[in-house]
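Since this is a predicted model, take the numbers as computed values, not measurements. Atom set for the values below is all heavy atoms of this structure, side chains included, hydrogens, waters and symmetry mates excluded. Below, chains carry the letters A, B, ... as their sequence lines are ordered, and counting in each starts from 1.
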Amino acid sequence: MTKRNCFCGRLNRKDAGSKVIVAGWIKKRRDHGNLIFVDLGDRSGVVQLAFDPRVAKDTHSIAHSLREGWVIMAGGKVLLRPADSVNPKISTGEIEIQVEKVDVLNSSLPLPFSTDDEVELNEEVRLKYRYIDLRRPVMQRNMQLRYEVTKAVREFLDRQGFIEIETPFLTKSTPEGARDYLVPSRLNPGEFYALPQSPQLFKQIIMIAGFERYFQIVKCFRDEDLRADRQPEHTQIDIELSFIDEQDIFKLIEGMLKHVFEKTKGITIPTPFFSLSYEEAMERYGSDKPDTRFDMELKELSFLGKEGSFSSFQEIVKNGGCVKGITLPGPVNLSRRELDELKLWATNRGAPDLAWVIFAEKVKSPLAKFYDSSTLDKMAQASGAKKGDVLFMVAGSKDTVCKALGQLRIFLARKFNFIPEEKFNFVWIVDFPLFERNETGRLISVHHPFTSPCEENIPILETNPDEVTSRAYDIVLNGQEIGGGSIRIHKKELQEKIFKLLGMDEVRAREKFGFLLDALSLGAPPHGGIAMGLDRLVMILAGEKSIREVIPFPKTQKAVCLMTQAPSPVEEEQLRELHIEIRED
RNA sequence: GGGGCCGUAGUUCAGUUGGCUAGAAUGCCAGACUGUCGAUCUGGAGGUCGCGGGUUCGAGUCCCGUCGGCCCCGCCA
């Protein structure tokens, strides 16, 4: 017996009577003394092996010593199971293999945890023994799905005339943006490469090089704090095209996602997607990545600062602030304690305060005494609150109010299960401002410094930079930003002007981006593109809550790999070669 | 940088007001068992209660510190 000739999970009643050789891992052993059953699994699934001493005595005695996790090869005859022993829970449940010969290819210590999906496991132990974790069917499915997604993407983009081109991982550190991962240069003492935060400049250069349609499925590196949807290295589907505008990109990505959803989930998603301006998204959802699977939109209630006698609202509105609210559909019973907790939750997230109004038979609210019944009616009308609903309000600067209510909206929707989990709601977010201000009041790019301002705002770039709209766009799926991009600047002069507005003098612009400026002056075509977050997309498709579930070897919140223990100290000699000394701070 | 939750057999957890010789389930080991598939039955082994310090007659439990994991704010063009 030398080679397996079929996969465990593929066997069925049609194979009855044939002789097969299978190989895989022992998932379970049920030893009846004489009859021994072993569930053998490979990537395709599980099949039951039956060891009968009357069939093969030696083989049966080997079976007695087999254990979960051992790797074996087994040969025998596929038999239909007795009718009362059929297991409808598995695809191979109608048959079993009556084993005549078994080879132990490798034994195993008892596994740190079982590889069936039943038990909830601590992530710490899963990551330490990731190879065992990855044997679990759910993880096998997730990895398979991830592969199917990338396959569908390549298939689609290939048909659209794209070519995949690789860009360097050892590249140049750029100012602004995320913190770079740095790689010291042995041959150039004191100098460093940076791992790319994205292949942004290379893909623009590729356009200038005349490839017109580029894509790459590529790792990107950002040395920032981690979250459930953020890892220090993540994978982008990076795309760039020449001679196109926003609509071309939208159509392309809608087509690509349609293809991916059809190929991987058999779901037809409706296209084109809706789009929302950044401003409208903030106004209505309090987020630039709105989850549009449920309503609970933010409503404008600033008239409450003009009517009635609630001085806190009056003060805020008089000073240019606003009052907005969201309505929690009732009937809900919120205790005083829960309301206090929500208030604390909101104030911890930047809201100056959280006001609530319960529209019960009688209006219940600490604010009720400040308003007459007609204003309270108006409040109900403006917020859309009906009998039994609870209205939550925040007052303050527009930005603070929207962001706080946006987070509260998500929190409440989760708490009260208002989110239809089976839905896939896409939305384009457009008309972002080109700039925002940092703590010191300096202009910084909202997207990145290579994003084109919209044509009609170019004249006011220097005079009213805060009012300039960019040609950037994000694509949001179920409240997750799954991609973003822009039409780029393709004229040197405009690019130089942007650098200057960002506070970069000519010398520094030259030093950091000289190659780009040179390239832009040597026949750069109009171009633009997008980068899709593969991990997030697959996470949503897999119905998972964290991208770690779709990344084979993810890192912990402290950016540590629990399997390899990276990062780790290195030999003194390595440091010397790299001209690096460790500073004890 | 900050807020919250968590850490007890291999695993998942319980452990009350400080009284514990630290339990359960599962897994593991040995034996029994011819139709199981969460097999069953009998017996057994298995613990630095994350780590360090403190309070106390006595600490898994209280206090301080520290390490680690998760969620979030900041950060992430």
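Distances shown here put every side-chain N or O of A/Arg179 at or beyond 4.0 Å from the OP1 or OP2 atom of B/rG74. At the phosphate of B/rU11, neither OP1 nor OP2 sits under 4.0 Å from any side-chain N or O atom of A/Ser114. Phosphate proximity of B/rG38 to A/Lys89: present, with a side-chain N or O under 4.0 Å from OP1 or OP2. For the pair A/Lys28 and B/rG38, the criterion of a side-chain N or O lying under 4.0 Å from OP1 or OP2 is not met.
Under the Watson-Crick or G-U wobble criterion, with both distances below 3.5 Å, B/rG38 has no partner in any strand shown. Across all strands shown, B/rG4 is found opposite B/rC70 as a Watson-Crick or G-U wobble partner, with both distances under 3.5 Å. B/rA22: no Watson-Crick or G-U partner with both key distances under 3.5 Å is found in any strand.
One donor-acceptor pair, N or O on each side, does fall under 3.5 Å between the base of B/rC75 and the side chain of A/Arg230. For a distance-only test at 3.5 Å, the side chain of A/Arg81 qualifies as a donor-acceptor partner of the base of B/rU36. Counting atom types as modelled, A/Glu68 pairs no side-chain N or O with a base atom of B/rG27 as donor and acceptor under 3.5 Å. Side chain A/Arg54 to base B/rU34: a donor-acceptor pair is found below 3.5 Å. Between the side chain of A/Arg227 and the base of B/rC70, no donor-acceptor pair of N or O atoms lies under 3.5 Å. Checked by distance alone, A/Asn122 brings no side-chain donor or acceptor within 3.5 Å of a matching partner on the base of B/rG7.
Without hydrogens or angle criteria, A/Arg67 side chain to A/Leu109 main chain gives no donor-acceptor distance under 3.5 Å. A distance-only check finds a donor-acceptor pair linking the side chain of A/Gln140 to the backbone of A/Leu134 [under 3.5 Å].
Side-chain polar atoms of A/Asp42 and A/Ser44 form a donor-acceptor pair below 3.5 angstrom. Side-chain contact, A/Asn142 with A/Glu544: a donor N or O sits under 3.5 Å from an acceptor N or O. For the 3.5 Å distance criterion, the side chains of A/Asp180 and A/Gln197 qualify, holding a donor opposite an acceptor. Between the side chains of A/Gln236 and A/Ser198, not a single donor N or O lies within less than 3.5 Å of an accepting N or O.
Rounded to the nearest Å, the gap between the P atom of B/rA14 and that of B/rA25 is 16 Å. On the P atoms, B/rG54 is 44 Å away from B/rG43, given to the nearest whole Å. Here, B/rU26 and B/rG38 have their C1' atoms 10 Å apart, quoted to the whole Å. Across the P atoms, B/rC28 and B/rU12 are found 16 Å apart, a figure rounded to whole Å. The P atoms of B/rG27 and B/rG19 are separated by 32 Å, rounded to the nearest whole Å.
A/Arg126 comes within 4.0 angstrom of no nucleic acid atom, judged by non-hydrogen atoms across all strands. Within 4.0 Å of A/Ser198, counting heavy atoms only, lies at least one base atom of the nucleic acid. Note on A/Glu120: only backbone sugar-phosphate atoms sit closer than 4.0 angstrom, heavy atoms only; bases stay farther off. Base contact: A/Pro82 has a heavy atom under 4.0 Å from a base atom. Within the nucleic acid shown, A/Ala228 comes within 4.0 Å of sugar-phosphate atoms alone, with no base atom in reach, counting heavy atoms only. Within 4.0 Å of A/Leu127, counting heavy atoms only, lies no atom of the nucleic acid at all. At a threshold of 4.0 angstrom between heavy atoms, the contacts of A/Pro53 with the nucleic acid are absent.
Here A/His32 does not count as stacked on B/rG35, because the ring centres are not under 5.5 angstrom apart with planes under 30°. No aromatic stack links A/Phe113 and the base of B/rU11, using centre distance under 5.5 Å and interplanar angle under 30°.
Comparing A/Glu224 and A/Val560 by the nucleotide of RNA chain B whose heavy atom lies nearest to each, the residue mapping closer to the 5' end is A/Val560. Taking the nucleotide of RNA chain B with the nearest heavy atom to each of A/Ser546 and A/Ser445, the more 5' of the two is matched to A/Ser546.
For the pair A/Leu121 CG and B/rU26 C1', the computed distance is 12 Å after rounding to whole Å. Distance A/Arg67 CZ to B/rC28 P: 8 Å, rounded to the nearest Å. One atom, CG of A/Asn34, and another, C1' of B/rU34, lie 6 Å apart when rounded to the nearest Å. Between A/Glu549 atom CD and B/rC70 atom P there is a gap of 11 Å when expressed in whole angstrom units. Per the geometry, CD1 belonging to A/Ile97 stands 16 Å off C1' belonging to B/rU36, to the nearest Å. To the nearest angstrom, P of B/rC70 lies 8 Å from CG of A/Leu226. Rounded to an integer number of Å, the gap from CG of A/Leu344 to P of B/rC5 is 12 Å. One atom, CD1 of A/Ile410, and another, C1' of B/rC71, lie 16 Å apart when rounded to the nearest Å.
Which of B/rC76, B/rC70, B/rA39 sits closest to the side chain of A/Gln557 comes down to B/rC70. Distance from the side chain of A/Ala178 is smallest to B/rC76 among B/rG69, B/rU36, B/rC76. Checking B/rC73, B/rC70, B/rC37 against every side-chain atom of A/Gln48, the shortest atom distance belongs to B/rC37. For A/Arg30, taking side-chain heavy atoms from C-beta onward, the closest of the listed nucleotides B/rC73, B/rC76, B/rA39 is B/rA39. Across B/rU34, B/rC37, B/rC76, the shortest atom-to-atom separation from the side chain of A/Leu35 is found for B/rU34. Which of B/rG35, B/rG74, B/rC33 sits closest to the side chain of A/Asp31 comes down to B/rC33. Listed nucleotides: B/rG69, B/rC37, B/rG35. Nearest to the side chain of A/Asn87: B/rC37.
Heavy atoms only, all atoms of each residue included: A/Ile530 and A/Arg488 are closest at N-NH2, 3.7 Å.
Between A/Ile253 and A/Trp428, the closest side-chain pair of non-hydrogen atoms falls below 4.5 Å. At least one side-chain heavy atom of A/Ser445 sits less than 4.5 Å from a side-chain heavy atom of A/Leu502.
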